[in-house]
Amino acid sequence: MKLYSTNNPEQLVDFKTAVFNSMPLDKGLYMPAEIPRLSQAFLDNIGQYSLPEIAFEVASALIGDAMPAEDLKAIIDDAISFEAPLKPLDKHTQVLELFHGPSLAFKDFGARFMSRVMSYFLREGEQLLDVLVATSGDTGGAVALGFLGVPNTRVTILFPKGKVSEIQELQLCTNGQNIQVLEIAGTFDDCQQLVKEAFADAELNARHRLTSANSINIARLIPQTFYYFNAYSQLRRQGIEKMVVAVPSGNFGNIAAGLLAQRMGLPVEQFIAATNANDTVPRFLETGVYETRPSVQTYSNAMDVGAPSNWVRIMELFKGDAEALKQVLKGYRFTDDETIDAIRRLHELHGYIACPHTAVAWLATKAYKAENSDSDAVCVFLSTAHPCKFPDALPEDIASKVVVPEEVKVMKDKPRQSTAMPVSFPQFKAYLMAR
Ligand SMILES: *Cc1c(COP(=O)(O)O)cnc(C)c1O
């Protein structure tokens, strides 16, 4: 696999280089130089394949030349070790649950695959890999649990004090081993700024082999295509062929992976980008003007993004042709009040408890159906996190009904470890230099 930078299509790098660089020096994003189409035979018979088998088929087509098949298979079997079930709510609507991994959010797919790929490419005796990551909640947990115990890696996570949910904090702070956690007395933006400064610091880079684990890494994007194919596989087993997919979106990595899967041959009739008040993309789809804005805080806070970092990739897939893109992608935005109401209605109508991000995606399927009542496609909406991760955004009577998974209960008894730190780059640097 060769990849180019969206800012410089001439310069190609291999998969390993793209994984360790995360972002090209020219600040573009890596894109595959060629997008392979999966064989029709595979797509026709996809209902007979399991999730790891599908993942292997898709990954082989994309990165099969980067490592021997048995090594790729071992990485996939280790990383993609949990289910992504599709659950029917009614005749036209099904929910794809992506929260059955260790951090209870879909980011486990990307983080677990990326961590194992990085570890694989680190040759024995090579310098320890230092992963720095700022998190507003879900990313940190997925990265921590993804890298936990992975040889030759050390992860430093910065999170804003008091601004993540209790379960998110447990997922960060109860790991130990190769995971270190800094509780920053500031905002998520402050955390991100500290990490950015560290990457730009010559002395730190001379001392440690720093890498980022953020959502623009190509090794996080690729495994997110797997579950779109697997959703289709599950539909085919039900005798259904037509699907529309609604994705709760923030940085637009998840939906970018869906669009990549479509380009590889997955038959999706329509993608629906569902956002909260941070509606840069729905506004663009309406007006043709792409205007980023500072993010505003909402209940679906993992989608509080005013300048989606993966948007460039989506435009690149369509070679900048906004009209072609609009044929494939619809956008809807919803307020916090509508989100809470949706959580209530999902519970009343279907006995289903959704996290606020998932509820936004469900609302988008409703809006789409209202405008396309003649479509006979099934709407699949992605459930990106377990509702127990966002108890404060659920009405109290519903929050009390959430069944908390066993692994979370276990975490509550573990000792918590984190280092408190003010928003100070000199202190952060001293901390990294000292070890
Ligand atoms: C990260 C996240 C999102 C947004 O995904 P993007 O790939 O950034 O669009 C949605 N829901 C949850 C629960 C998340 O953690």
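Atoms within a ligand are numbered from 1 in the order they appear, just like the ligands themselves.
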Quick one: does [X]'s side chain have a donor or acceptor within less than 3.5 Å of a partner on [Y]'s backbone?
X: Arg220; Y: Ile216; value: no
X: Ser115; Y: Ala111; value: yes
X: Asp190; Y: Thr187; value: yes
X: Arg112; Y: Asp78; value: yes

By number and element, which atoms of ligand 1 are closer than 4.0 Å to a non-hydrogen atom of [X]?
X: Asn254; answer: 7 (O)
X: Gly253; answer: 6 (P), 7 (O), 9 (O)
X: Ser249; answer: 9 (O)
X: Thr384; answer: 10 (C), 11 (N), 12 (C), 13 (C)
X: Asn251; answer: 6 (P), 8 (O), 9 (O)
X: Lys107; answer: 1 (C), 2 (C), 3 (C), 14 (C), 15 (O)
X: Ala385; answer: 13 (C)
X: Asp138; answer: 12 (C), 13 (C), 14 (C), 15 (O)

Of the backbone atoms (N, CA, C, O) and the side-chain heavy atoms from C-beta on, which set of Ala105 has a member under 4.0 Å from an atom of ligand 1: side chain, backbone, both, or neither?
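Near ligand 1, Ala105 shows nothing, with every heavy atom at 4.0 Å or more.
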Part of Lys389 within contact of ligand 1 (heavy atoms, under 4.0 Å)
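Neither part.
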Is it the case that the ring center of Tyr290 lies less than 6.0 angstrom away from the ring center of Trp311?
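Yes, close enough.
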Residue pair Asn276 / Asp336, side-chain donor-acceptor N/O under 3.5 Å:
no
When you check the side-chain N and O atoms of Tyr232 and Arg236, is any donor under 3.5 Å from an acceptor?
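There is such a pair between these side chains.
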Tell me: protein heavy atom nearest atom 5 (O) of ligand 1, and distance?
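Result: Phe106 CZ, 3.4 Å.
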Got the closest protein heavy atom to atom 4 (C) of ligand 1, with its distance?
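The protein heavy atom lying closest is Gly250 N, 3.7 Å.
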May I ask you to check whether over 12 heavy atoms, not counting those of Leu349, lie within 6.0 Å of atom CG?
yes
Please confirm whether Pro248 comes under 4.0 Å of ligand 1, counting heavy atoms of the residue only.
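Flag set, Pro248 near ligand 1.
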Indicate yes or no: at least one non-hydrogen side-chain atom of Cys388 is less than 4.5 angstrom from one of Phe99.
no
Please report whether ligand 1 has a polar contact with Cys355, defined as an N or O pair separated by less than 3.5 Å (distance criterion only).
no
